[in-house]
Amino acid sequence: MRKLRHEEISRVSASIVRLVPRHPITVVLDNVRSVHNVGSIFRTSDAALVERIILTGITATPENPHIHKAALGAQDTVPWEYKQNAATAINDLRKSGYTIVVLELTDTPTQTTAVTREEFPLCLVVGNELSGVDEGLVAQADYALEIQQYGAKQSMNVAVAYGIAVFDLVRLLRGLL
């Protein structure tokens with residue numbers, strides 16, 4: 001075994017990836033404070049080939065150059081838009097046939113591996129690093145996804161939790177779960 005050099009790694013070009021069919025997952029980032037978390041979520045979203053990211057509230061947009069440090073160009077390959085109000089964005093997605101899912105700890109959790117294909121297209125709502133998904137958005141959701149945790153802490157970094165959840169959803173769509 002040896003580590004591959006950068007030029008040996010087979011990847012689709014940025015111009016081609018815009019033409020590739022995307023997984024029917026729209027991500028809503030609601031009031032995510034850290035530009036580094038936003039950049040990381042863009043990079044993971046590119047790897048997962050999500051259809052788009054909707055940035056809401058105080059969440060920084062790719063116009064902020066600090067996102068680029070973590071995104072490493074994914075801000076240019078993942079479709080995105082900004083909407084001030086997350087509730088309105090979610091309402092519009094529901095009207096378009098999306099199942100609304102929050103990534104949050106609730107009294108009725110659903111494991112990421114329990115989602116069915118019939119629930120796509122799916123909107124995955126990710127919230128603020130300190131307060132999580134806003135209570136009003138939780139009330140709008142069809143259900144809440146929870147990642148099983150085994151240690152003493154009750155939560156993970158928002159970008160890490162998003163990565164786990166979105167790849168579980170992509171594996172489900174691809175028939176790998």
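Values below: every heavy atom of this structure, side chains too, minus hydrogens, waters and symmetry copies. All figures in this text were calculated on a predicted structure; none of them were measured in a lab.
Cluster partners of Val12, by chain and number: Ile16, Val17, Val20, Leu49. The rule joins Ile, Leu, Val, Met, Phe, Trp and Tyr whenever side-chain heavy atoms lie under 4.5 Å apart. Summarising the hydrophobic clusters (Ile, Leu, Val, Met, Phe, Trp, Tyr; side-chain heavy atoms under 4.5 Å, direct or chained), the residues clustered with Tyr98 are Val28, Ile54, Ile90, Leu93, Ile100, Val102, Val125, Val133, Leu137, Val138.
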Show me, pair by pair, the donor-acceptor contacts under 3.5 angstrom made by side chains of residues 154-166, not counting sequence neighbours?
unit_1: Asn157; atom_1: OD1; unit_2: Ala159; atom_2: N; d: 2.8
unit_1: Asn157; atom_1: OD1; unit_2: Val160; atom_2: N; d: 3.2
unit_1: Asn157; atom_1: ND2; unit_2: Asn37; atom_2: OD1; d: 3.2
unit_1: Tyr162; atom_1: OH; unit_2: Ser45; atom_2: OG; d: 2.7

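The heavy-atom pair separating Ala70 from His36 by the smallest distance is CB-O, 3.5 Å. Counting all heavy atoms, side chain and backbone alike, Glu51 lies closest to Pro24 at OE1-CA, 3.8 Å. Pairing each heavy atom of Thr77 with each of Arg22, the nearest pair is O-NH2, 2.6 Å. Across every non-hydrogen atom of Lys153 and Gln149, the tightest pair is O-OE1, 3.7 Å. Here the closest non-hydrogen pair linking Ala114 and Glu119 is O-OE1, 4.4 Å.
Take Arg2 and apply the side chain to side chain contact (heavy atoms under 4.5 Å, CB included) test, not counting sequence neighbours, and it matches Leu4, Arg5, Glu8. For His23, the side chain to side chain donor-acceptor pair (under 3.5 Å) partners at least two apart in sequence or on another chain are Arg174. Take Thr99 and apply the side chain to side chain donor-acceptor pair (under 3.5 Å) test, not counting sequence neighbours, and it matches no residue. Annotation: side chain to side chain donor-acceptor pair (under 3.5 Å) contacts of Ser15 (sequence neighbours excluded): Ser13. Every side chain to side chain contact (heavy atoms under 4.5 Å, CB included) that Thr108 has, sequence neighbours left out, goes to Thr106. For Glu135, the side chain to side chain contact (heavy atoms under 4.5 Å, CB included) criterion is met by no residue, not counting sequence neighbours. Residues passing the salt bridge (charged side-chain N to carboxylate O under 4.0 Å, His left out) test with Lys69: none are found, sequence neighbours excluded. Residues that satisfy the side chain to side chain donor-acceptor pair (under 3.5 Å) test with Asn85, not counting sequence neighbours, are Thr88. Among residues two or more places apart in sequence or in another chain, the side chain to side chain contact (heavy atoms under 4.5 Å, CB included) test is passed with Asn64 by Val35, Ala60, His66, Ile67.
Under the 4.5 Å side-chain heavy-atom criterion for ILVMFWY residues, a single connected hydrophobic cluster contains both Val32 and Tyr82. One hydrophobic cluster, built from ILVMFWY side chains closer than 4.5 Å, cannot hold both Leu105 and Leu145; they sit in different ones.
At least one side-chain heavy atom of Leu124 sits less than 4.5 Å from a side-chain heavy atom of Leu103.
Without hydrogens or angle criteria, Thr59 side chain to Thr56 main chain gives a donor-acceptor distance under 3.5 Å. In this structure, the side chain of Asn128 engages the main chain of Asn31 through a donor-acceptor pair within 3.5 Å.
Here CZ of Phe42 is found 7.5 Å from CG of Leu29. Values are rounded to the nearest 0.5 Å. Between Gln148 atom CD and Gln111 atom CD the span is 5.0 Å, to the nearest 0.5 Å. Between atom CG of residue Asp30 and atom CD1 of residue Ile58 there is a gap of 8.5 Å, rounded to the nearest 0.5 Å. Note that the NZ atom of Lys83 and the CG atom of Asp92 stand 4.5 Å from one another [nearest 0.5 Å]. Here the straight-line distance linking atom CD of Glu63 with atom CG of Leu55 works out to 9.5 Å at 0.5 Å rounding. Between the CZ atom in Arg52 and the CD1 atom in Ile25 there is a gap of 12.5 Å [rounded to 0.5 Å].
Between the side chains of Asp168 and Thr113, no donor N or O sits under 3.5 Å from an acceptor N or O.
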Exercise for review: Might you work through the side-chain contact (heavy atoms from CB on, under 4.5 Å) test for Thr112 and Ile147, ending with a clear yes or no?
Suggested key: CA-CA 6 Å; Thr112 57; Ile147 300 165; 4.1 Å; yes

